[in-house]
There are 2 protein chains.
Amino acid sequence: MSQRVTLQTIADKVGVSRTTVSNAWSRPDQLSDEVRIRILKVADELGYGGPNPAARGLRRGRADAIGLLLTETLQYAFGDPHAAELLRGVAAAIEKADTGLLIVPLPPQRGIGEALRSAVIDGCLMYSMPTGHPAVDALRHRQIPLVTIDGPRLEGVPFVGIDDRGASRELAELVFSYGHRDVLVLSIRIVDDLHDGPIDEQRLDAGVYRNAVERVRGTFEAADAAGVPRDGIRLYEVSRNHRDRAQEVVAAALASERPPTAVIALSDELAAGALAAATASGLRPGTDITIVGFDDQDAAAHLDLTTVRQSAYDKGYQAAAQLVGAAPVGDLVLPHQLVRRGTVGPVRT
Amino acid sequence: MSQRVTLQTIADKVGVSRTTVSNAWSRPDQLSDEVRIRILKVADELGYGGPNPAARGLRRGRADAIGLLLTETLQYAFGDPHAAELLRGVAAAIEKADTGLLIVPLPPQRGIGEALRSAVIDGCLMYSMPTGHPAVDALRHRQIPLVTIDGPRLEGVPFVGIDDRGASRELAELVFSYGHRDVLVLSIRIVDDLHDGPIDEQRLDAGVYRNAVERVRGTFEAADAAGVPRDGIRLYEVSRNHRDRAQEVVAAALASERPPTAVIALSDELAAGALAAATASGLRPGTDITIVGFDDQDAAAHLDLTTVRQSAYDKGYQAAAQLVGAAPVGDLVLPHQLVRRGTVGPVRT
DNA sequence: TATGGTGACTGTATCGATCAAGTAGATCGC
DNA sequence: GCGATCTACTTGATCGATACAGTCACCATA
C-alpha cells in the first residue's frame with residue numbers, strides 16, 4: 001500500500017494495460033471515453049499525479065524546457081536592468097512555445113555543478129559567458145542546440161548580439177569629432193578575475209568577455225582613425241558593472257593632474273557613475289565634460305545621456321526563438337543605434 | 001556508427017561494464033585511476049557528453065531543480081520590480097544549494113500546458129497564484145514539496161508571506177486617524193477576470209488573490225474600528241498592477257462631484273499612479289490629499305510615499321530555502337513595517 | 001462467405017542510467 | 001594456513017513511461 005503509484009498500479013486496478021493508461025493522458029483519442037473516465041477516476045482515488053516527468057522525458061527524448069546559463073551569480077543577474085530586459089524577451093518566446101526555462105546556477109569555483117549536470121533541457125542559451133568557461137565546454141559536449149548571446153563566439157554555435165565593435169566605434173567617433181584628445185575609457189569586465197584598474201593591450205588580448213573586448217577595440221579603431229594618440233586614452237576596467245565603483249574611479253581621475261575631458265563608459269551603468277562623479281565635482285555634462293554610455297537602458301533618457309541603443313529584449317527573444325524552433329537557426333546581428341543626447345560637447349578650453 | 005553514444009557504447013569499447021563507466025562520473029572513488037582515465041579518454045573520442053540527465057533523474061529520483069509558477073505572464077513578471085526582487089531571493093537560495101530553477105509558463109487559457117506536465121523538478125514554488133487554478137491542483141497531485149508565496153493558502157502546503165491584513169489595517173488606521181472619511185481604495189487584482197472597476201462585497205468574497213483580499217479586509221477592519229461609514233469608502237479594483245491605469249482612475253475620481261480626500265493604494269505601483277494624478281490636478285500630496293501605498297519598493301522613497309515595507313527578497317529566499325532543505329518546512333509570516341513619509345496629512349477643509 | 005477496414009486495446013522492447021548485491025583476487029592478521 | 005577484509009570490478013534488477021507492432025472483435029462490402 002505504501003508503494004508508489006505508477007501506470008501499472010492503475011492498469012492492474014482498472015484491468016487494462018499500462019499503455020492504455022498512458023494513453024488516457026498522452027493521447028486521449030486513442031481510447032474510448034468510458035475507459036478513459038474509469039482510468040482517471042481510479043488514478044484520482046489512488047492519488048496518482050499524472051505521468052512521471054522524468055520517465056516521460058527519458059522515453060520521449062525531449063524535455064519541453066530550455067536552459068539558460070549566465071555569467072553572473074544569479075542574484076546579481078536578476079537585479080541588472082539589461083539582464084532583466086533580456087529575460088523578458090526570452091520569456092516571451094518560451095511562453096509562446098509552451099516551454100519551460102531552466103536557470104542554472106554556476107558554482108562560484110568555476111566548476112560545473114550538479115545543477116548543470118542534471119539539467120533536463122532540449123537546448124541552452126548562454127548569456128555573456130566568458131570564453132573557455134568549463135560549463136560552456138560541458139554544454140557543447142552535450143549534443144543539444146545552443147545559442148550564445150553577446151558572447152562567446154563559438155564555432156558551430158549560433159550567436160545573437162549586435163556589432164559591438166562598430167557601435168562603439170561610432171560612439172567614440174562622435175566623441176573624438178568634438179576634439180577630445182584626453183579620454184578616459186571605462187570598460188566593463190574584460191577578464192574573469194575581478195581585477196579593477198588600468199589595463200594594457202596584453203590584458204585586452206587575454207580578454208574573455210567578447211562584447212567588452214569588441215567595444216574597447218572599436219574605441220581604439222576610432223581613435224586611430226581620428227589620429228588620436230594612444231597615450232591620450234586611458235583604459236580602465238571596472239570588474240563589476242555598478243555605478244558606485246565607476247563614480248569612485250572617475251572622481252579620482254578628475255582630481256588627478258591631468259583630468260580627462262571626456263569619459264567613454266562602455267555601459268550606461270558605468271556612465272551613470274561617471275555623471276555622478278562629474279556633477280559632484282561641479283562639472284556640467286555636455287558643457288564642462290563629455291560623457292557617453294552604452295545600452296540605452298531606461299535610465300539613460302532621464303540622464304540625458306548620449307549612448308548606443310540596443311534591444312536586450314530582442315536579443316533574448318530571438319535567441320530563445322531559435323531554440324524553440326520559432327526562428328531559423330544561425331548567427332543574428334541585431335541593429336544598434338547611436339542616440340545623441342545632451343552629455344556630449346566640445347572640449348572646454 | 002550513427003548510433004547515439006551511451007554508457008554501454010563506451011563500456012564495450014573499453015572492455016568494462018556499464019556500471020563502471022557510470023562510476024567514472026558519479027563515483028570516481030569506486031574505480032582505479034587507470035581505468036577511469038581510459039574511460040574518460042574513450043568517452044571523449046566518441047563525443048560522449050556525460051550521463052544523460054533524463055535517465056539519471058529517473059533512476060536517482062531527483063532533479064536538482066525546483067520549479068516556479070507565477071500568476072502572470074512571464075513577460076510581465078520579469079518587468080515587475082517586486083517579482084524581480086523575489087527572484088533575487090530565490091536565486092540566492094538555489095545558488096547555495098546548487099539547484100536549478102525551472103520557470104514554468106502557464107498557457108493563457110488557464111490550462112496546464114506541456115511545460116508543466118514535463119517539468120522535472122523536486123519541488124515547486126507558487127507565487128501569488130489564484131485560488132482554484134488548475135495548475136495548482138495539478139501540482140498538488142504530484143507528490144512533491146510545495147510552498148506558496150503570498151497565496152493561496154492551501155492545507156498542508158507551507159505558506160510564506162506577511163500579515164497582509166494586519167499591515168493594511170495599520171496603514172488604513174493611520175489614514176483614518178487624520179480624519180479622512182472619504183477614501184478611495186485602489187486594490188490590486190482580486191478576481192481573475194481582468195475586470196476593472198468598482199467592486200462590492202460579493203466580488204470580494206469571490207476573490208481568488210489572497211493578498212489582495214486580505215489587504216482590502218484589513219482596510220475595512222480599520223474603517224469599522226474608526227467608525228468610518230462604509231459608504232465613505234469607495235473600493236476600486238485595478239486588474240493590472242500598473243501606474244497608468246491607476247492614474248486614470250484617480251484622475252476621474254478627483255474630477256467627480258465628491259472627490260476623495262485620501263487614496264489608499266494597495267501597491268506602490270498604484271500609489272505612483274495616484275500621485276501622478278494628484279499632482280496633475282494641482283494637489284500637493286500630504287497637504288491637499290493623502291496617498292499611501294504598499295510594498296515600499298525602491299521608487300517609494302523617491303516619491304516620499306507612506307507605505308508598508310515588506311521584503312520580497314526574504315519571501316523568495318525563505319520559500320526557496322524550504323524546498324532545497326536549507327530551512328525548516330512550514331508556514332512563515334515575515335515581518336512588515338509601516339513606513340511613514342510625507343504623503344499623509346490631515347483632511348484639508 | 002470471404003475479404004478488408006477500423007476502433008480499441010495488448011505485449012514487448014526500449015529509453016539510459018543507477019543501485020544493491022555479488023564475485024574474484026589480493027592482502028592481512030594471528 | 002585459513003578466515004576476514006579490501007579493492008575493483010560485474011550482473012541483474014529497476015526507475016516509469018512511451019513507441020510500435022500486433023491482435024482481436026466487429027462491421028461493411030462484394
Side-chain angles (χ1 to χ4, degrees), chain A residues 2-39 42-43 46-64 114 117-122 141-144, chain B residues 3-40 42-43 46-64 114 117-122 141-144:
Chain A
S2 67
Q3 283 284 54
R4 207 167 356 172
V5 183
T6 75
L7 285 187
Q8 188 66 65
T9 321
I10 299 168
D12 292 347
K13 188 133 182 187
V14 176
V16 293
S17 79
R18 201 158 71 255
T19 304
T20 300
V21 178
S22 170
N23 284 334
W25 276 272
S26 319
R27 315 160 78 180
D29 55 314
Q30 298 288 305
L31 47 100
S32 63
D33 283 358
E34 190 253 329
V35 174
R36 202 193 51 227
I37 288 167
R38 200 143 50 92
I39 289 172
V42 171
L46 295 175
Y48 179 71
N52 177 309
R56 199 173 138 78
L58 171 60
R59 180 66 244 233
R60 299 200 317 163
R62 48 182 294 201
D64 292 323
E114 220 36 30
R117 244 190 292 278
S118 302
V120 185
I121 49 179
D122 298 323
H141 256 98
R142 235 158 118 175
Q143 303 293 4
I144 55 177
Chain B
Q3 283 284 54
R4 206 164 0 169
V5 183
T6 74
L7 286 187
Q8 189 67 65
T9 320
I10 298 169
D12 292 347
K13 187 133 183 185
V14 177
V16 293
S17 78
R18 184 164 89 255
T19 302
T20 300
V21 179
S22 171
N23 285 336
W25 276 273
S26 319
R27 315 161 78 180
D29 54 313
Q30 297 290 304
L31 41 89
S32 64
D33 284 357
E34 190 252 327
V35 174
R36 202 193 51 225
I37 287 166
R38 201 142 47 91
I39 288 173
L40 294 178
V42 171
L46 294 174
Y48 179 72
N52 177 309
R56 196 173 141 82
L58 171 61
R59 179 69 245 228
R60 299 201 315 163
R62 47 182 295 201
D64 292 323
E114 214 47 23
R117 244 192 292 277
S118 302
V120 185
I121 48 180
D122 297 323
H141 257 97
R142 234 157 118 173
Q143 304 293 6
I144 55 176

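Numbers restart at 1 for each chain; the letters A, B, ... are given by sequence-line order, proteins then strands.
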Is any side-chain heavy atom of [X] closer than 4.5 Å to a side-chain heavy atom of [Y]?
X        : Y        : result
A:Arg62  : B:Ser118 : no
A:Ile10  : A:Tyr48  : yes
A:Ile39  : A:Thr20  : yes
A:Asp33  : A:Arg36  : yes
A:Ile144 : A:Ile121 : yes

Measure across [X] and [Y] and return the closest heavy-atom pair with its distance rounded to 0.1 Å.
X       : Y       : answer
A:Pro51 : A:Arg56 : CB-CD, 4.2 Å
B:Ser22 : B:Leu7  : CB-CD1, 3.5 Å
B:Ala55 : A:Leu58 : CB-CD1, 3.7 Å

Starting from [atom2] on [N], measure out to [atom1] on [X] and report it in whole angstrom.
X        : N      : atom1 : atom2 : value
B:Asp12  : C:dG16 : CG    : C1'   : 14 Å
A:Glu34  : C:dG7  : CD    : P     : 18 Å
A:Arg38  : C:dA8  : CZ    : P     : 14 Å
B:Gln30  : D:dT10 : CD    : P     : 13 Å
A:Trp25  : D:dA19 : CH2   : C1'   : 18 Å
B:Gln143 : D:dG16 : CD    : P     : 13 Å
B:Asp33  : D:dA8  : CG    : P     : 9 Å

Margin query: At under 4.0 Å between heavy atoms, how does the protein contact nucleotides 17-25 of chain C? Give one character per nucleotide, 5' to 3', with B, S or -.
Written below: BBB------
Check: Taking for each residue the nucleotide of DNA chain C bearing the nearest heavy atom, is the 5' side occupied by B:Ala54 or by A:Thr20?
Finding: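 It is A:Thr20 whose nearest nucleotide is closer to the 5' end.
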Check: Hey, does the side chain of B:Ser32 come within less than 4.0 Å of D:dC9's phosphate (OP1/OP2), counting only N and O?
Finding: yes
Next item on the list: Report the end-to-end axis angle of the helix from C:dT1-D:dA30 to C:dC30-D:dG1; each axis comes from five terminal pairs, and the value is rounded to 10°.
Entry: 40°
Next item on the list: Check every strand shown and say whether A:Leu31 touches a base, only sugar-phosphate, or nothing at a heavy-atom separation below 4.0 Å.
Entry: sugar-phosphate
Note to self: To the closest 0.5 Å, what do you measure between OG1 (A:Thr6) and CG (A:Leu46)?
What the structure shows: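 With rounding to 0.5 Å, OG1 (A:Thr6) is 10.0 Å from CG (A:Leu46).
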Item checked: Closest-nucleotide 5' rank along DNA chain D - winner of B:Arg36 and B:Leu58 -> B:Arg36
